[in-house]
Amino acid sequence: MIEKERVPNHVGVIMDGNGRWAKARMLPRVAGHNAGMESMKKIVIAASNMGIKNLTVYAFSTENWKRSTEEVNGIFKLIVKYVKSELEELIENNVHINIIGEYDMLPQDSVEAIDKLVASTKGDDGLNFNIALNYGGRAEIVKSVNALFEAKKQEEVNGIFEPVTEADISRYLYTGSANFDIPDPDLIIRTSGEERMSNFLVWQAAYSELMFTDTLWPDFTPEEFEEMVERFTHRDRRFGGRNKEDK
Ligand code: IPE
Ligand code: IPE
Ligand code: MG
């Protein structure tokens, strides 16, 4: 077990490989997503037990609408199923849920189920479990810039002309202090052997440590998760500065 002081404050996970997992078993893609949900359940509890404060999972991207209606609807149905079946355990573990992304574009019943879930975990002070749903990093930045544009117009009316700062853009992201106030991820894990970001936390990942595994998401276990977090604790994060040792 890694000491609580050494675990990353925020871990992001790109849960990839459900389709290939299903294909290898000659099952429909939705069966892969179902198996992927089982993995997600275990990782949430593992992260909570390890004392990680923030976990953000990439569940559906703004680009995933390009898939067949059957697959897209299947994914949304599974999310609702997960919400309904896991609620009690999440509350028991003090898990607090946030949704980042334009999830109100999902089918109405999914939106309602998600709203219920979010409302019932409100105030829980354990793990912040952030689900990226209909999320795109670029769309998020555009949304922030537009919110900022409105705020600046108001400032101008009051005779203030301050240039835009990095902090301003951060504030209006879904993760920003104007919304959920989630810190930047320390570690981002992607499964399935693909080594790219696919529009995940584009702004926030500027200094994240990246880790990849060939394991397909439905085969990913709490043991591998813990092993990756352990490896993270040995990374030397310099942020453009110098090693801790050579002052
Ligand atoms: C990730 O698995 C889940 C989502 C993108 C919703 P994929 O469905 O992308 O699985 P592969 O990449 O096709 O194997
Ligand atoms: C990224 O996976 C999105 C999620 C895991 C939700 P994709 O499978 O959609 O990404 P690409 O298309 O391989 O880049
Ligand atoms: Mg994929």
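Both counts, for ligands and for their atoms, begin at 1 and track the order of listing. As the structure is a computational prediction, the values presented were derived from the model and not from experiment.
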query: Any N/O/S atom, backbone or side chain, of D16 lying under 2.8 Å from the Mg ion (ligand 3)?
result: yes

statement: Closest to atom 1 (C) of ligand 1 among protein heavy atoms sits M15 O, 3.0 Å

Y58, any N or O under 3.5 Å of ligand 2 N or O: no

message: Check for me whether E194 has a heavy atom closer than 4.0 Å to any atom of ligand 1.
response: no

- request: Examine ligand 1 and decide if any of its atoms is less than 4.0 Å from a heavy atom belonging to A59.
  value: yes

query: For Y135, which of I99, L201, N130, N64 qualifies under side-chain contact (heavy atoms from CB on, under 4.5 Å)?
result: L201

- prompt: Could R25 and W21 be counted as a cation-pi pair, given that NZ or CZ must be under 6.0 Å from the ring centre and within 45° of the axis?
  reply: yes

- prompt: In terms of residue, atom name and distance, what is the protein heavy atom nearest to atom 13 (O) of ligand 2?
  reply: R196 NH2, 2.8 Å

- prompt: Given that the side chain starts at C-beta and the backbone is N, CA, C, O, which of these parts of R67 lies under 4.0 Å from ligand 1, counting heavy atoms, or is it both or neither?
  reply: side chain

- prompt: G19 heavy atoms, cut-off 4.0 Å: which ligand 1 atoms fall inside?
  reply: 7 (P), 8 (O), 10 (O), 11 (P), 13 (O), 14 (O)

- request: Report yes or no: does a heavy atom of K23 sit under 4.0 Å from some atom of ligand 1?
  value: no

- request: Compute the shortest N/O to N/O distance between N18 and ligand 1 and return yes if it is under 3.5 Å, no if not.
  value: yes

field: I75: numbered ligand 1 atoms lying under 4.0 Å from its heavy atoms
entry: 6 (C)

field: Proximity winner for atom 11 (P) of ligand 2, if only heavy atoms of S61, S198, G136 are counted
entry: S198

message: Tell me if the CZ atom of R138 is crowded by more than 12 foreign heavy atoms within 6.0 Å.
response: no

query: Counting only heavy atoms not in E88, do more than 12 sit closer than 6.0 Å to its CD atom?
result: no

Numbered atoms of ligand 1 (with element) below 4.0 Å of R20, judged on heavy atoms: 11 (P), 12 (O), 14 (O)

message: Looking at V44, is its backbone amide N or carbonyl O close enough to the side chain of S48 to form a donor-acceptor pair, meaning the two atoms are under 3.5 Å apart?
response: no

query: Ignoring hydrogens and geometry, is there a side-chain-to-backbone donor-acceptor pair from N179 to L173 under 3.5 Å?
result: yes

G17 near ligand 1 by a heavy-atom separation under 4.0 Å: yes

- prompt: Taking atom types as modelled, is there a side-chain donor on W217 or S192 under 3.5 Å from an acceptor on the other?
  reply: no

- prompt: Looking at ligand 1, does any of its N/O atoms fall within less than 3.5 Å of an N/O of N64?
  reply: no

query: Name the one of N94, V95, N93, I97 that satisfies side-chain contact (heavy atoms from CB on, under 4.5 Å) with D124?
result: N94

Result block: side-chain N/O donor-acceptor pairs under 3.5 angstrom for residues 101-111, not counting sequence neighbours:
{"residue": "E102", "atom": "OE2", "partner": "Y174", "partner atom": "OH", "Å": "2.6"}
{"residue": "Y103", "atom": "OH", "partner": "D115", "partner atom": "OD1", "Å": "2.4"}
{"residue": "Q108", "atom": "NE2", "partner": "E112", "partner atom": "OE2", "Å": "3.4"}

- prompt: N/O of R190 under 3.5 Å from N/O of ligand 2, yes or no?
  reply: yes

message: For the residue pair D186 / N9, report whether a side-chain donor-acceptor contact shorter than 3.5 Å exists.
response: no

- prompt: Which ligand 2 atoms are under 4.0 Å away from a heavy-atom of F60?
  reply: 6 (C)

query: Between F76 and W65, is the gap from one ring center to the other below 6.0 Å?
result: yes

